[in-house]
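Single-structure report; data block below.
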Amino acid sequence: MPESGGGRAQREHIPPSGTGPGTHGLPAPAAKAARRTGLLVTLVLGGLTALPPLSMDMYLPALPAVTDSLSAPAATIQLTLTACLAGMALGQLVVGPMSDRWGRRTPLLLGMVVYVLATAICALAPTAGLLIGFRLLQGLAGAAGIVIARAVVRDLYDGVEMARFFSTLMLISGAAPIIAPLIGGQVLRVTDWRGIFVVLTVVGIVLTLVVWKWLHETLPPAARHTGGVTDALRTMRGLLADRVFTGYMVAGGLAFAVLFAYISASPFVVQEIYGASPQTFSLLFGLNSIGLIAVGQINGKLLVGRFRLDKVLGFGLAVIVLAAVALLLMTTGVFGEVGLVPVAAGLFVLMSAMGLAMPNTNAQALMRTKHAAGSASALLGTSSFLIGAVASPLVGIAGEDTAVPMAVVQVSCAVAAVACFLLLCRPWQRAGREADGL
């Protein structure tokens, strides 16, 4: 029977496998020493989840320079972003099952080494075609950090402690998209676009060394899967057959699509339609990201443990729906001609509520999958990227003179997320079982 949400905290860090009275066969002294490394493990896992956003967003200010340097059309250079995003989505499907079979440490170190090599070659790429190819490889390898970090959290935590840890990771990984373009812009002041990949290479090397020295194996051999590709596919099929897991997965992916729609459309909506300067847009983007991070911390520090995770998740999804509907009403003129301030307020509320939705969908889904955390993490990550990638181009479907498509996509995805949560997860049923002590 799948595990239900509870308050049982597992170890914050697990050194190499041993024997004795500790959890997972660890001797008591090793378990005691492991607990002292909690902050370090948090920073390492945060760095792993932040590296892919850094790889994407540090590069954004350099796009015009890359176009000129490689004498390629802008549309071709845009494919370097698409390739990296596609690699991150598909790579998780490969690395997740690998980590269930061989443990977390070996696939992660392999992925980090490949990431470093691919990033270094990106810095030397003489043509747009090679840059696109190695950006794809960079994304494939960087996916190891995303998927294995989530799997490690599942190995180490359970119940409300896992939800709290995901909120902490959001503090670190959520800051990455804010600071990445700023770092990229500063790098461009002293070097060219190739220097950005040099910086990412150095970051990758440092993170690889930190993982090698301090992040030990968290999946004991007895808990690993021994089958090959067929077994991995069977495991994923079994996960997808779990109605509740699939409900959380799709609900989380749809909530992520609301976020993707905002990221794709907000530069155009805020600057072109509502007349904000690039500096004002950067300020609003940063405030929205801070709102998401702050609410994520409120979720982890104050709400989780005091309220059932499903209640917190349901409230977050409801706020997202209400904010999206308000944006739709404003952009369609129901309230007359509104300025930037009301629209910015609606976007702020919508983005902040993501801090309640995203960590709790991940936590609730992974609580049911301790037997295959790597594969489950891969499905969660890939579904979010793919649903977001499908939704984000729709925000510009009606041209450049209206923000209505953005709001329509957001309302549609938010309502669909609530429907998946209610129809597939059926939180009231589990609440009844918990009340009966089952």
Side-chain angles (χ1 to χ4, degrees), residues 47-95 107-147 173 176-208 260 263-264 267-268 381-382 384-386 388-390 392-393 396:
L48 291 172
T49 56
L51 187 60
L54 285 174
S55 302
M56 289 288 295
D57 296 342
M58 273 184 65
Y59 178 65
L60 295 178
L63 286 178
V66 178
T67 301
D68 294 337
S69 174
L70 299 181
S71 301
T76 299
I77 299 303
Q78 286 286 346
L79 290 177
T80 61
L81 295 175
T82 304
C84 188
L85 182 61
M88 290 178 190
L90 298 175
Q92 295 184 65
L93 289 177
V94 176
V95 178
L108 177 57
L109 286 172
L110 178 61
M112 292 302 301
V113 170
V114 175
Y115 172 89
V116 168
L117 294 175
T119 306
I121 295 175
C122 285
L124 303 173
T127 65
L130 282 176
L131 183 59
I132 292 170
F134 282 99
R135 284 284 278 175
L136 175 65
L137 183 60
Q138 183 191 42
L140 287 167
I146 304 174
V147 68
S173 61
I178 304 174
I179 65 174
L182 301 177
I183 296 174
Q186 293 305 309
V187 171
L188 290 176
R189 292 172 64 91
V190 297
T191 184
D192 62 5
W193 63 272
R194 298 181 187 276
I196 292 177
F197 289 107
V198 173
V199 171
L200 287 172
T201 301
V202 173
V203 171
I205 292 173
V206 171
L207 193 53
T208 302
F260 260 58
I263 293 173
S264 299
F268 164 72
T382 301
S384 294
F385 275 106
L386 292 181
V390 170
S392 58

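The structure displayed is predicted, hence computed values, not measured ones.
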Requested in this report: Using side-chain hydrogen bond (donor to acceptor under 3.5 Å, both in side chains) as the criterion, list what pairs up with Thr119, not counting sequence neighbours.
Outcome: Gln138
Taking all atoms of both residues into account, what is the closest heavy-atom pair of [X] and [Y], and its distance?
| X | Y | result |
| --- | --- | --- |
| Ala128 | Ile77 | CB-CD1, 4.1 Å |
| Gly111 | Ala144 | CA-CB, 4.1 Å |
| Ala89 | Thr382 | O-OG1, 2.8 Å |
| Ala143 | Gly87 | CB-O, 4.2 Å |
| Ser55 | Met88 | CB-CE, 4.5 Å |
| Ala125 | Trp193 | O-CH2, 4.2 Å |

Requested in this report: Find the distance between CG (Leu90) and CG (Leu136) and round it off to the nearest 0.5 Å.
Outcome: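 Here the interatomic distance stands at 8.0 Å.
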Answer whether the closest heavy-atom distance between the side chains of [X] and [Y] falls below 4.5 Å.
| X | Y | result |
| --- | --- | --- |
| Leu70 | Leu131 | yes |
| Tyr115 | Leu207 | no |
| Thr76 | Ile132 | yes |
| Val94 | Leu140 | no |
| Gln186 | Met58 | no |

Report task. Would you confirm whether Arg135, through its side chain, and Leu85, through its main-chain N or O, come within 3.5 Å as a donor-acceptor pair? Result ->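 Answer holds: no.
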Requested in this report: Take Val66 and Thr80, measure what side chain to side chain contact (heavy atoms under 4.5 Å, CB included) needs, and give me the verdict at the end.
Outcome: CA-CA 10 Å; Val66 178; Thr80 61; 5.8 Å; no
Which donor-acceptor pairs under 3.5 Å do side chains of residues 196-206 form with protein atoms, sequence neighbours excluded?
unit_1 : atom_1 : unit_2 : atom_2 : d
Thr201 : OG1    : Ala120 : N      : 3.3
Thr201 : OG1    : Phe197 : O      : 2.7

